[in-house]
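Order of the sequence lines sets the chain letters (A, B, ...), proteins ahead of strands, with each chain counted from 1.
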Amino acid sequence: MVHRYQPREIENKWQERWDTDHLYEVGESSNLPKFYALTMLPYTSGDLHIGHWYAMAPSDVYARFKRMQGFNVLHPMGFDAFGLPAENAAIKHGIHPYEWTINNIEKMRRQLKSMGAIYDWNREVISCHPEYYKWTQWFFLKFYQAGLAYRAKAPVNWCPNCKTVLANEQVVGGNLCERCGTEVNKKDLEQWFLKITQYAEELLDFSDLIWPEKIKTMQKNWIGKSEGAEISFGLECEGLEQKEIKVFTTRPDTIFGVTFFLLAPENSLVPQLTTPDHQEEVAEYISWCRRQADYMRTSMDREKTGAFLGSYAINKLNGEKVPIWITDYVLPSYGTGAVMGVPAHDERDFEFARKFHLPIRPVIALPEHAGNEVLQAYDGQGIMINSGEFNGLSSERGYEAVCDLIEKRGFGKRTVTYRLRDWLISRQRYWGAPIPVVYCPKCGTVPVPEEDLPVLLPPNAEFRPTGESPLKYCPEFVNTTCPICSGPAQRETDTLDTFMCSSWYYLRYSSTRADAGPFDIQKLKYWLPVDLYTGGAEHAVMHLFYSRFFIKAMRDIDRNLINFDEPFKRLFNQGIIAYHGGKMSKSKGNVIAPDKYVSTMGADTVRAYLMFIGPWELGGGWSDRGIRGISRWLNRVWNLVENGYSPDVVDEKAKKELTHIIHKTIKKTGEDMENLRFNTMLACLMEFTNHLSKVQEDRNVPDDLWQEAIKCLLLLLAPTAPHITEELWSRRNYKYSIHNQPWPKFDARLAEEEQITLAIQINGKLRDKVLVPASIREAEATELVWERTKIKSYTKGKEILKTIYVPGRVVNIVIK
RNA sequence: GCCGGGGUGGCGGAAUGGUAGACGCGGCGGACUUAAAAUCCGCUUCUCGAAAGAGAGUGUGGGUUCGAGUCCCACCCCCGGCACCA
């Protein structure tokens, strides 16, 4: 009786063996070319669900493939270990965030190990360990010294439920907290920022990156570059020193269409520009704005609101006085916080003018424009009218002409504006890396000296949902001495945004234990940049964007430290695994736990099934029936190999066919692997097994060819199903380990088809098929076609217009 | 509204402008079995037909081409992201 496939048993056995043999430990001394394959590090939520497997298993398969192809492969794993849930658990269940996190890590590590990946656990990175966050703080100091970190009072997004500040990116659906869905409001706080805007232009350059178009577009939109001009308007207001005010516009060519001037309600000039007779109305409007939920402001389908200040601005190009209004659709944080109102050519200004009965003057004419009333804003190009000396110019030329004029006369200049804001890194929370800064009554803001790092989190903080960092109420932490004057001083009690931790972890993997710096420079130079980075698309504008900034900024701070421009050369986003029609989520209760499938069908089956569902980038639906198909297949592979083979009469044709299929399969699986097309790769391996089953029954190829085929099947399957292949490999007494074997090579000539089915079409419709040698030439092929009785009957009595021959594919006869 | 990605059998999905539906699931039929499960073999896009075969067919409508799931134009629907950014 042949031994049955018992996945659980062999998986445990081999995982232990690989571990004791240090099979997957990786170093820098290899003379093989390096390959750095990285999966986005998981957050320590405590449970590895099928989504994690979907991110990690295919990525491990690719890393194993690269390894077999002869690369020295780094494929590490670690944990994003700081963050809110740990602290919420502390508040709710009284368990210390450290304990909660470490427990979760231990569980997740166990689950991860059951997957059978090639992670070198010696390189594990855990972002909440002082040996790690010491360097996160060190990076902050570097930014501070370089003038890239600053402190400013800023209105911040405040989630009243999480009691913390949220980055713009963490606010979803206009005004909702990304984590808890609560409405977010505004609060003014002293915050630390990183000057990511300084890199806006360079961050727009993706030229050397193999990234999905989608992510590049999202980042471009996030940066929101607009080219235009900054133009000064004159101010005439008694008692006001400021004599002009700037606006940013992308359409300087419409300047003659300005009929009013707009300011954000928050603009500091508003009180001075408000005339006494408008004071009441303006004050009322401003207080109304304050009462509005923040998200209302950015909802477009809302009637325009505003108030007239009573004073006027002067359009320097035509000397016109236009009324100054305030309105909440002008945002204080974009451009100059002031807008020139051109109702004829901007939809928002048009609505505003309609609402408040302000004049609408067209200055860009469509060819069909006949001076009629303007019924809607036209924001396209056209011919300039009502624009004095510019009349008759195209708007494109007018743009340049107006810019030239304002630059010549000193009214303004061409400029570029970005939507991107600086990165707010302060968090009023305990479970993060403390910002290494001390406030001294004498010396002011003082960075903690490098040699005093890390600034450790006090273990005994109290966790209360106060809305302020527990560190604030921890006197042993807060009270310190000034590094400069040694006098009493206080520590910053905010911690760093966890995106700060995840912006550099991939550097740390190069040399996890480095203690003289964040990493060993030589090792970093060997491994970085990451060759293939895979993970979810939800990190498009946060993690991926911040990491790019981090690398660029550090490169400019010290080229000896970082000597490359981009962290991730190739990026790939896997899709989402759904279950019962929807995205898996705890609240819906439709989360698939891989563990039970691993213990019954085996990790190899779960790995292969996830890859078989569909193209990796599209994701797909989990099906309990579907996974059984893969389980059956691996059982068939097991039996195929274990049942042995005894040749009977050798058939030359069968021999040739099997040889061809072996080479074709090697070719196809290799190509699919490289393109991360795992679903078709597995389909190809299934076809291969199906064919081998027939051969096994027919017993018509020689034994050595059979052995070659089996060996090949195991090698091609090894990255996908590392355990079963290792077991079968060892049972055939091949040299341990299959995972140290090279990827099989194919002979291109043998991979080619010898015989092809030629399709015969009449007027493009398939009418017949004929098996021919692949080398067939046009003359022979057409001759053959005419011998077919079917074709004869179809063409009888018809006029033959032409025949088209596509080598190896089709003969098409065009008849009338 | 704008920017991405999709729309193919009962289902997941394959198809360098050249045989649509590979591979898998499910279903049907058969073998093995006292029986069931498991396993193995065969069939399985739809319509008509006993069959041979014929016709239709890749979201909709046009177009290019000897030939379109694939290219072009217009539109519909689904998913993701962004959105009063001047």
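When the side-chain nitrogen and oxygen atoms of A:N679 are compared with OP1 and OP2 of B:A14, one or more of them lie within a distance under 4.0 Å.
No hydrogens or angles considered: nothing links the side chains of A:Y609 and A:D604 as a donor-acceptor pair under 3.5 Å.
Each of A:N690 and A:G621 has a nearest nucleotide on RNA chain B; the 5'-most of these lies closest to A:G621.
Listed by chain and residue number, A:S395 satisfy the side-chain hydrogen bond (donor to acceptor under 3.5 Å, both in side chains) test with A:Q381 (two or more places apart in sequence, or in another chain). A:T259 pairs by the side-chain hydrogen bond (donor to acceptor under 3.5 Å, both in side chains) definition with nothing, not counting sequence neighbours. Not a single side-chain hydrogen bond (donor to acceptor under 3.5 Å, both in side chains) links A:S631 to another residue, sequence neighbours left out.
A:T217 comes within 4.0 angstrom of the backbone, heavy atoms only, and of no base. Using a 4.0 Å heavy-atom cutoff across all strands shown, A:V330 reaches at least one base atom of the nucleic acid. A:V814 comes within contact range of the sugar-phosphate backbone alone, with a heavy-atom separation under 4.0 Å but no base atom that close.
In summary, of the residues considered (A:F260, A:F352, A:Y285), a ring pair (Phe, Tyr, Trp, His ring centres under 6.0 Å) with A:W325 occurs for A:F352 alone.
You won't find any donor-acceptor pair under 3.5 Å spanning the side chain of A:K220 and the base of B:C3, going by distance alone. For A:N812 against B:C66, a side-chain-to-base donor-acceptor contact under 3.5 Å is present.
With pairs defined as Watson-Crick or G-U wobble and both atom distances under 3.5 Å, the stems of at least three pairs that touch RNA chain B come out as B:1-7 with B:76-82, B:10-12 with B:23-25, B:26-31 with B:39-44, B:45-48 with B:53-56, B:59-63 with B:71-75.
Rounded to a whole Å, the CG atom of A:L634 is 16 Å from the C1' atom of B:U39.
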Provide a list of protein-nucleic acid N or O atom pairs under 3.5 angstrom, restricted to nucleotides 76-79 of chain B.
none

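Only A:Q761, A:K765, A:L766, A:R767, A:K769, listed by number, bring a heavy atom of residues 760-769 of chain A to less than 4.0 angstrom from any atom of RNA chain B.
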